[in-house]
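Bear in mind the structure is a predicted one, so any value in this text is a computation, not a measurement.
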Amino acid sequence: MVSPAPPLASWSDYALVQAVAAGDGDALGELYDRFSPLLLALGRRILADAEEAEDVVQETFVHLWRRATSYDPQKSSVSTFLVLVTRSRAIDRLRTRQVIDRTLGQVGLEPSATLDTSGDGVSRVLNLERRERVRQELATLPDEQRQVLDLAFFDGLTQREIAERTGIPLGTVKTRTLLAMRKLRTVLRLEIRELL
C-alpha cells in the first residue's frame with residue numbers, strides 16, 4: 001500500500017519548484033501563498049502602487065511557471081530567486097512609467113502613471129480604446145481562464161472564493177489567473193509601445 005504524499009505545506013521550496021517544473025499548479029499555488037506577501041511588499045515599495053505591485057507578482061509567478069526547469073538551487077534560494085525576478089520586473093515597470101511620463105510631457109500632455117477615465121481628450125479616448133482591446137482579448141482566452149477572471153473582476157471574488165464556488169483546486173485557479181493575466185498584460189504592453 002502506497003502512503004499518501006505529505007501535504008504541500010510541508011514540502012521544501014525546492015521540492016515545490018521541481019513539482020512546478022513538472023506542471024503541478026497546486027505547487028505553484030503553495031509557492032504563491034508562501035512568498036506573495038513578501039513580493040507584494042517589495043513591489044509596493046519600488047512602485048508605490050498596490051495594483052502594479054500585484055501585477056508584478058503575477059508576472060513573477062508566470063515566469064516561474066514557464067521557467068521552473070531552469071531554476072538552479074546552486075545559484076540562489078527560491079526566495080532570493082523570486083525576490084530578484086520581482087525586483088527586476090518592478091524596476092522595468094518603473095522605467096516604462098518614466099518613459100511614458102516623459103513622452104506625454106514632450107507632446108504637451110499631463111504625465112501620469114496610468115491613463116484613467118476621469119480625464120478628457122486624448123487620455124479618455126486612449127483608455128476607452130484600451131478597454132475595448134482588453135474586452136476583445138478576454139474573448140480569445142480559453143474558457144477556464146476567462147471564467148476565473150470573470151469571477152475575480154466582475155463578481156469581486158478572491159481566488160480562494162473562486163475555488164470554493166467552482167470546486168476547482170486553489171492552485172489551479174491561481175495558475176489559470178496567472179496565465180490569463182500574462183496574455184492580457186502582453187497586449188497592454190504592446191499598446192503602450194505603440195504610443196511611444
**Q** Check whether any side-chain heavy atom of L179 lies under 4.5 Å from a side-chain heavy atom of W65, and answer yes or no.
**A**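 L179 reaches W65 side chain to side chain.
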**Q** Could you state whether L84 and V56 fall into the same hydrophobic cluster, counting links through intermediate Ile, Leu, Val, Met, Phe, Trp or Tyr residues with side-chain heavy atoms under 4.5 angstrom apart?
**A** no
**Q** Identify the two heavy atoms, one from D13 and one from L31, that lie closest to each other, and give their separation to 0.1 Å.
**A** O-CD2, 4.1 Å
**Q** Looking at every non-hydrogen atom in both residues, tell me the closest pair between Q145 and R176 and how far apart they are.
**A** CG-O, 3.7 Å
**Q** Any sub-3.5 Å donor-acceptor pair from S70's side-chain atoms to R67's backbone N or O?
**A** yes
**Q** Would you call R165 and I162 a side-chain contact if the rule is heavy atoms closer than 4.5 Å?
**A**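 A side-chain contact is absent here, since even the closest heavy-atom pair is not under 4.5 Å.
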**Q** Is the CZ atom of R87 crowded by more than 12 outside heavy atoms at less than 6.0 Å?
**A**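 No, because the 6.0 Å sphere around CZ of R87 holds 12 heavy atoms or fewer from other groups.
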**Q** Taking only Lys NZ, Arg NE, NH1 and NH2, and the carboxylate oxygens of Asp or Glu, determine whether R93 and E52 approach each other closer than 4.0 Å.
**A**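 Between E52 and R93 there is a salt bridge, with a charged N closer than 4.0 Å to a carboxylate O.
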**Q** Report whether L42 and L178 are members of the same hydrophobic cluster (ILVMFWY, side-chain heavy atoms less than 4.5 Å apart, transitive linking).
**A** yes
**Q** Is Y32 close to Q58 at the side-chain level, that is, under 4.5 Å between some pair of heavy atoms?
**A** yes
**Q** First locate atom CG of L38, then atom OG1 of T86, and finally report the distance between them rounded to the nearest 0.5 Å.
**A**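 So the CG of L38 and the OG1 of T86 are separated by 8.0 Å.
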**Q** Minimum heavy-atom separation for D72 and Q74, please, with both atom names.
**A** OD1-N, 2.8 Å
**Q** State yes or no: do L39 and L170 share one hydrophobic cluster built from I, L, V, M, F, W and Y residues joined by side-chain heavy-atom distances below 4.5 Å, directly or via other members?
**A** no
**Q** Determine, for R146 against D143, whether the closest basic-nitrogen to carboxylate-oxygen distance falls under 4.0 angstrom.
**A** yes
**Q** Can you spot which of V173, L141, T166 makes a side chain to side chain contact (heavy atoms under 4.5 Å, CB included) with Q147?
**A**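 It is T166, the one option of V173, L141, T166 that forms the side chain to side chain contact (heavy atoms under 4.5 Å, CB included) with Q147.
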**Q** Please name the pair of heavy atoms, one in G43 and one in A53, separated by the smallest distance, quoted to 0.1 Å.
**A**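 Shortest heavy-atom separation between G43 and A53 comes out as C-CB, 3.5 Å.
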**Q** Distance from E144 atom CD to T177 atom OG1, nearest 0.5 Å?
**A** 11.5 Å
**Q** Starting from the C-alpha separation in whole Å, work towards a yes-or-no answer on side chain to side chain contact (heavy atoms under 4.5 Å, CB included) for K174 and L28.
**A** CA-CA 8 Å; K174 290 179 179 183; L28 183 67; 6.0 Å; no
**Q** Locate the shortest heavy-atom distance separating L8 from A27; write the atom from each residue and the value.
**A** CD1-N, 3.9 Å
**Q** Check whether any side-chain N or O of T172 sits under 3.5 Å from a backbone N or O of I168 as a donor-acceptor pair, and report yes or no.
**A**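 Not confirmed, T172 side chain does not pair with I168 backbone.
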**Q** Please tell me whether T80 and S77 have a donor and an acceptor in their side chains that are separated by less than 3.5 angstrom.
**A**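 Yes, because at least one side-chain N or O of T80 sits under 3.5 Å from a partner of the opposite role on S77.
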**Q** Side-chain contact, heavy-atom cut-off 4.5 Å: F35 with V78?
**A**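 The answer is yes, as the side chains (C-beta and beyond) meet within the 4.5 Å cut-off.
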**Q** To check you understand the geometry: which heavy-atom pair defines the closest contact between D26 and P169, and what is its length?
**A** OD1-CB, 3.6 Å
**Q** Looking at E164 and R160, does any basic side-chain N land under 4.0 Å from a carboxylate oxygen?
**A** no
**Q** Parallel under 30°, tilted from 30 to 60°, perpendicular over 60°: which one fits the rings of Y71 and F81?
**A** perpendicular
**Q** Please determine whether a side-chain nitrogen of the Lys or Arg among D49 and R44 lies less than 4.0 Å from a carboxylate oxygen of the Asp or Glu.
**A**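 Salt bridge between D49 and R44, a charged N being under 4.0 Å from a carboxylate O: no.
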**Q** Atom NE2 of H63 and atom CG of L82: how far apart are they, to the nearest 0.5 Å?
**A** 9.0 Å
